[in-house]
2 protein chains.
Amino acid sequence: MNTKSSPRTPSRPRTASPNRRERASDQRATGAVAAPTFKPIHTRRTFEEICERIREQLALGILKPGDKLPPERDLAQQLGVSRNVLREALRSLEMAGVLRLQKGVKGGAFIQEGDTRRMNEVMRDMLSLGTISVRELSEARVHVLDLVVQLACANARRADLDALEANIERTELATREGRLLDRVECSREFYKLLAASTGNKVIAMIVDSVTEIHMRFVYAKVASSGVAMARLAEKRRQFLSALSERNVALASRLLRSHLESVQRMLEQDPGAMSLHVALADVQPGMRR
Amino acid sequence: MNTKSSPRTPSRPRTASPNRRERASDQRATGAVAAPTFKPIHTRRTFEEICERIREQLALGILKPGDKLPPERDLAQQLGVSRNVLREALRSLEMAGVLRLQKGVKGGAFIQEGDTRRMNEVMRDMLSLGTISVRELSEARVHVLDLVVQLACANARRADLDALEANIERTELATREGRLLDRVECSREFYKLLAASTGNKVIAMIVDSVTEIHMRFVYAKVASSGVAMARLAEKRRQFLSALSERNVALASRLLRSHLESVQRMLEQDPGAMSLHVALADVQPGMRR
DNA sequence: TTCCATTGAATGGGTGATCCATTTAATAAT
DNA sequence: ATTATTAAATGGATCACCCATTCAATGGAA
């Protein structure tokens with residue numbers, strides 16, 4: 001009758017677990033005026049707690065990029081959890097780009113520099129899950145790029161302009177040699193450089209994430225149809241020229257009209273625009 | 001001498017493991033022509049493979065929100081991996097907002113609707129890790145909100161405006177009753193509603209992510225100093241009025257000037273602006 | 001019949017022990 | 001000195017359990 005329910009001596013102490021529970025249900029008494037504030041539905045699990053503790057140390061500045069966490073076996077013991085559940089937490093943080101795990105003696109879990117590409121993954125997931133649409137993404141991209149042009153005109157430094165110039169040269173070379181897919185890769189890089197030239201990494205991250213997806217569509221289109229944007233390098237040069245002269249209005253107009261023509265190209269054959277084609281797998285040559 | 005290196009009868013069969021290994025080390029023979037294409041540094045691990053397979057099914061539309069994966073024990077067997085390593089993968093996908101795990105019979109791993117709050121976490125991590133700065137974040141927020149005003153003027157529907165109106169009323173109530181922190185919560189909601197009124201979820205997601213962090217600073221400031229923005233509701237009403245009349249120039253100007261005054265308030269005491277204060281833990285009342 | 005308590009199976013949550021694979025430092029052999 | 005060998009540390013992965021929760025089925029009481 002009591003085989004599994006009765007008092008049961010706790011074979012392992014289960015350190016700190018009770019406290020955690022309490023903290024979770026503490027959650028905002030808020031003066032108890034507005035009644036319908038229910039606490040979040042799913043109970044706090046160990047691995048979430050671990051992730052949070054580590055993130056907390058990060059936010060507090062106790063842990064910084066380059067630091068190493070204790071070995072799994074030690075850390076698990078310190079936290080009073082099994083190694084397996086600790087690993088679930090470390091995995092999650094690794095996927096989140098916060099940690100890098102390295103094998104061997106002198107290996108361990110190292111705090112990483114933030115990986116800005118993480119936002120790309122968020123966008124991809126949102127698209128895969130149907131939370132956002134391709135249309136919304138394209139629209140957002142156009143608007144954000146317009147903002148980027150303004151900021152780039154204001155903030156681009158010599159080195160940024162030079163990098164863009166070098167990119168255009170690579171584009172010309174790829175065009176002459178008929179390497180269409182490499183040219184798409186150049187485009188991707190062009191927008192990345194443009195975004196970087198705003199001098200604002202938040203903006204750059206946002207632009208990169210939407211551009212990365214957009215370029216998958218372009219890549220798929222070019223790969224399947226063999227068509228390619230005409231006079232690309234020429235248009236880029238005009239744009240760069242406007243940018244160098246800090247001519248916001250002209251640069252903005254040029255880019256917008258280019259984006260529109262790309263959009264028309266993509267929409268010629270709506271079938272090729274399917275999510276699956278673009279997202280199904282990492283395109284060759286596209287580093288993640 | 002041979003304790004672990006020699007031919008060694010494999011004491012346990014290690015289902016399917018050898019195949020995976022081979023595939024992992026196969027990794028890009030690359031024809032050996034273009035020398036400088038090094039393969040990515042860290043070897044492919046099982047859980048990554050699993051995550052990728054599941055994401056692939058998502059992108060292909062085979063899995064859709066609401067669908068349930070097989071039970072852990074079954075799926076582990078199907079994939080030829082241990083249950084533990086499968087769980088590492090599921091944990092990662094859960095943290096990524098792709099899955100929700102639910103206990104009990106009729107429980108399982110369900111594909112979720114995309115959780116747009118995930119981008120908040122990316123921003124928080126980037127800030128914690130020092131990859132982006134508070135300055136960049138504030139700056140980006142101002143610019144993006146400017147864009148939001150334009151889009152909202154163009155696209156806001158009646159329901160959006162009504163929701164903003166209701167929000168302002170809550171703000172007024174909180175002001176009258178002196179609930180300053182609730183008023184901050186109202187502000188957060190205000191920007192969320194404003195972002196939603198653009199009709200573009202990508203933009204909305206971006207705005208929410210930067211606003212969420214910004215509001216932590218405001219919250220910390222208000223909580224510690226007791227000061228609060230004067231004539232907040234009044235300013236909100238003016239803004240909403242401009243928005244309703246689709247007066248982009250006015251709405252934009254009003255918002256910008258408000259943002260500047262908030263910024264001045266925050267910068268009065270730079271000490272309170274430390275990351276740690278704002279990020280250290282989830283602020284009470286801020287739902288994640 | 002209707003309703004409520006009990007039971008039991010399914011399923012995720014978590015543990016501990018054990019082995020493998022990789023990396024590096026220390027050591028020995030040349 | 002240089003190079004090969006060994007050993008230890010550490011993450012990667014597996015297996016075999018057990019617990020806690022959930023829910024449907026069952027059965028007795030009203």
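Order of the sequence lines sets the chain letters (A, B, ...), proteins ahead of strands, with each chain counted from 1.
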Between Arg83(A) (CZ) and dT18(C) (P), how many Å, whole number? 14 Å
Set of side-chain hydrogen bond (donor to acceptor under 3.5 Å, both in side chains) partners for Thr211(A), sequence neighbours left out: Arg141(A)
Any ion pair linking Arg170(B) and Glu189(B) (charged N to carboxylate O, less than 4.0 Å)? yes
From CG of Leu79(A) over to C1' of dG14(C), roughly how many Å is that when rounded to an integer? 14 Å
Detail all sub-3.5 Å separations between protein N/O atoms and N/O atoms belonging to nucleotides 9-11 of chain C.
from: dA10(C); atom 1: N3; to: Val105(B); atom 2: N; distance (Å): 3.2
from: dT11(C); atom 1: O4'; to: Gly104(B); atom 2: O; distance (Å): 3.4

Would you please confirm or rule out a distance under 4.0 Å between OP1 or OP2 of dG14(C) and any side-chain N or O of Thr46(A)? yes
I need the residues from residues 84-92 of chain B with at least one non-hydrogen atom less than 4.0 Å from DNA chain C; give them sorted by number, or say none. Asn84(B), Arg87(B), Arg91(B)
Tell me the interatomic distance from Arg100(B), atom CZ, to dT22(D), atom P, rounded to whole angstroms. 13 Å
Quickly work out the Leu93(A) CG to dG11(D) C1' distance and round it to whole Å. 16 Å
Charged N to carboxylate O under 4.0 angstrom, Glu49(B) versus Arg44(B)? yes
Tell me, with the steps shown, if Ser133(A) and Glu136(A) meet side chain to side chain donor-acceptor pair (under 3.5 Å). CA-CA 5 Å; Ser133(A) 67; Glu136(A) 287 173 306; 3.3 Å; yes
Rounded to the nearest angstrom, tell me the gap between atom CG in Leu69(A) and atom C1' in dT10(D). 13 Å
Cationic N near anionic O, under 4.0 Å, Arg55(A) to Asp125(B): yes
Using 4.0 Å as the upper bound for N to carboxylate O, is an ion pair formed by Arg124(B) and Glu212(B)? yes
Could you check whether atom CD of Glu72(B) has more than 12 heavy atoms from other residues, nucleotides or ligands sitting under 6.0 Å from it? yes
May I ask you to decide if Arg45(B)'s main-chain N or O and Glu48(B)'s side chain share a donor-acceptor pair within less than 3.5 Å? yes
Is it the case that over 12 heavy atoms from other parts of the model lie below 6.0 angstrom from the NZ atom of Lys68(A)? yes
Whole angstrom value for the distance that separates P of dG12(D) from CD of Glu94(A): 7 Å
To the nearest Å, give me how far apart CG (Leu101(A)) and C1' (dT22(C)) are. 14 Å
d(CZ, Arg45(A); P, dT15(C)) in whole Å: 13 Å
